Amino acid sequence: MHAVEYQSVSKAYRGAYAIDQVTLAVEEGSFTVVCGPPKSGKSTLFRLLVGLEQVDAGRIFLGGRDITHAPPSERNVGYVPQSFALYPHLNVYDNIAYPLHLSGAPREEIARKVDATAGMLSITHLMKKTPDQLSGGEKQRVAVARGLVRDAKVFVLDDPLVGLDYKLRERLMDDLKQLCAELRTTFFYATSDSLEALTLAQSLAVLDAGRLVEHAPAVDLYLEPQQARSLEIVGFPRANRIDCVARDGRIDFAGFSFGLPAGVSTSELLLGLRPEHVLVGAADGREGRVTIVEHLGSEIVLYAELAGVSLTAAYPASGQRAPEIDSAVSIGIRAEAVMIFDKNSGRFLGRCQPLA
Ligand code: ADP
Ligand code: MG
């Protein structure tokens with residue numbers, strides 16, 4: 001049984017699909033992240049699950065039960081909406097307790113749960129404050145606590161870290177991961193930030209223009225995306241994508257020549273190459289010219305141009321200085337690092353082969 005299951009769900013606003021025939025099953029107890037660019041339909045997907053929107057077609061199951069048309073009160077989901085609002089006249093304690101009051105829980109039980117949840121999110125010291133006395137990060141933690149306070153089967157968090165500074169985001173991400181492990185509850189989480197997605201996700205679903213592109217264990221999806229759009233959406237810096245036409249079983253780009261894997265006859269290709277696989281200073285590389293350099297502290301991101309192709313490289317700085325702009329660099333690429341996709345369908349076909 002799955003914690004959540006969408007079966008061919010569609011939802012349109014004024015004739016435009018926000019969710020387009022999405023079929024997605026979320027494993028019980030998993031931390032599943034939906035990653036997609038802004039407006040790809042993440043919030044709509046969640047609002048359909050919690051009952052704030054009605055599907056146009058398809059069915060939704062929660063813990064095996066068909067809740068497609070059930071009222072929100074009959075869906076046992078803890079929800080942190082993307083745009084949350086705390087009740088300004090209630091203090092932090094009562095804001096967090098609110099969903100429990102609604103469900104008519106006894107006073108002692110409410111106190112116990114609010115204390116436990118506040119403790120997990122390190123906001124116990126804020127209990128008597130009102131929202132206007134809180135910083136942005138504190139408000140966000142309170143909103144997350146309010147979503148997590150229920151004994152829900154599934155916690156749905158819609159982009160809860162957006163707008164927080166880096167340190168706070170890191171801390172909240174750690175807390176959420178730990179909570180998922182401790183509570184053994186399903187976390188269903190949306191973000192447009194692929195670093196955040198990779199940090200949190202066990203299971204990663206890529207959404208693009210209302211369609212589910214791919215759903216796989218996060219590591220698999222990163223290392224071997226089955227769709228070109230997954231490669232583009234998940235990963236930072238963004239993966240290199242190179243249009244290419246194969247001729248006589250050969251792939252030529254930027255001065256490199258590789259072989260097509262056996263069995264691939266498609267000639268219109270899209271090549272995908274992660275920046276960490278563009279090797280700067282390689283002994284047997286091709287000469288390129290540096291166009292942009294970003295020194296990010298532990299990592300150097302470098303853009304180089306080779307025979308009319310622009311490539312992004314990323315590598316550990318490890319105490320070295322980055323090459324100067326306009327200088328010549330030797331760029332190496334291993335054949336197997338180059339992923340081959342069908343340009344028309346976006347489907348993964350295999351990896352380049354070294355030529356004999
Ligand atoms: P995301 O959360 O990925 O940014 P949304 O689900 O918010 O995506 O939006 C998906 C698409 O649906 C967008 O084009 C958005 O403009 C549209 N949309 C979402 N909610 C509504 C609504 N209530 N009325 C009209 N259009 C909407
Ligand atoms: Mg959204």
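Just follow the structure's listing: the first ligand is 1, and inside any ligand the first atom is 1. Since the model is a prediction, treat every value here as computed from it, not as a measurement. All residue numbers in this chain count up from 1 along the given sequence.
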Please report whether ligand 1 has a polar contact with Ala18, defined as an N or O pair separated by less than 3.5 Å (distance criterion only).
no
Flag Arg14 as yes when one of its N or O atoms lies below 3.5 Å from any N or O atom of ligand 1, and as no otherwise.
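Min N/O separation from ligand 1 is not below 3.5 Å for Arg14.
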From Tyr13, Tyr17, Phe46 - option closest to atom 18 (N) of ligand 1 by heavy atom
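Minimum heavy-atom distance to atom 18 (N) of ligand 1 goes to Tyr13.
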Nearest option to atom 2 (O) of ligand 1, as decided by whichever heavy atom of Ala16, Ala12, Ser43 sits closest
Ser43
Thr44 near the Mg ion (ligand 2) via N/O/S, less than 2.8 Å:
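Thr44 does not place any N, O or S atom closer than 2.8 Å to the Mg ion (ligand 2).
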The Mg ion (ligand 2) reached by Ser43 (N, O or S, under 2.8 Å)
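For Ser43, the answer is yes, given that an N, O or S atom comes within less than 2.8 Å of the Mg ion (ligand 2).
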Is Asp132 atom CG crowded by more than 12 heavy atoms from other residues, nucleotides or ligands, each under 6.0 Å away?
yes
Has Arg274 got its NZ or CZ under 6.0 Å from the middle of the six-membered ring of Tyr222, at an angle within 45 degrees of the ring axis?
yes
May I ask you to establish whether Arg286 and Phe256 are in a cation-pi arrangement, using a distance under 6.0 Å from NZ or CZ to the six-membered ring centre and at most 45° from the ring axis?
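Output yes; distance and angle both within limits.
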Structural part of Ser192 in contact with ligand 1, heavy atom criterion under 4.0 angstrom:
neither
Which protein heavy atom lies closest to [atom], and at what distance to 0.1 Å?
| atom | answer |
| --- | --- |
| atom 6 (O) of ligand 1 | Thr44 OG1, 2.5 Å |
| atom 3 (O) of ligand 1 | Lys42 NZ, 2.8 Å |
| atom 8 (O) of ligand 1 | Gly41 N, 3.1 Å |
| atom 1 (P) of ligand 1 | Lys39 N, 3.4 Å |

Measuring from the heavy atoms of Pro38, does anything fall under 4.0 Å of ligand 1?
yes
Quick check on atom 21 (C) of ligand 1 - does any protein heavy atom sit closer than 4.0 Å to it?
yes
Heavy-atom side-chain contact between Tyr189 and Leu176 under 4.5 Å:
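When only atoms from C-beta onward are counted, Leu176 and Tyr189 do touch, with a gap below 4.5 Å.
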Heavy-atom side-chain contact between Thr32 and Leu24 under 4.5 Å
no
Could you please spell out the steps behind the ring-ring contact (aromatic ring centres under 6.0 Å, His included) verdict for Phe46 and Tyr79?
CA-CA 9 Å; Phe46 284 2; Tyr79 178 46; 7.5 Å; no
Atom NZ of Lys129 and atom CD of Glu138: how far apart are they, to the nearest 0.5 Å?
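The CD atom of Glu138 is 6.0 Å from NZ of Lys129, to the nearest 0.5 Å.
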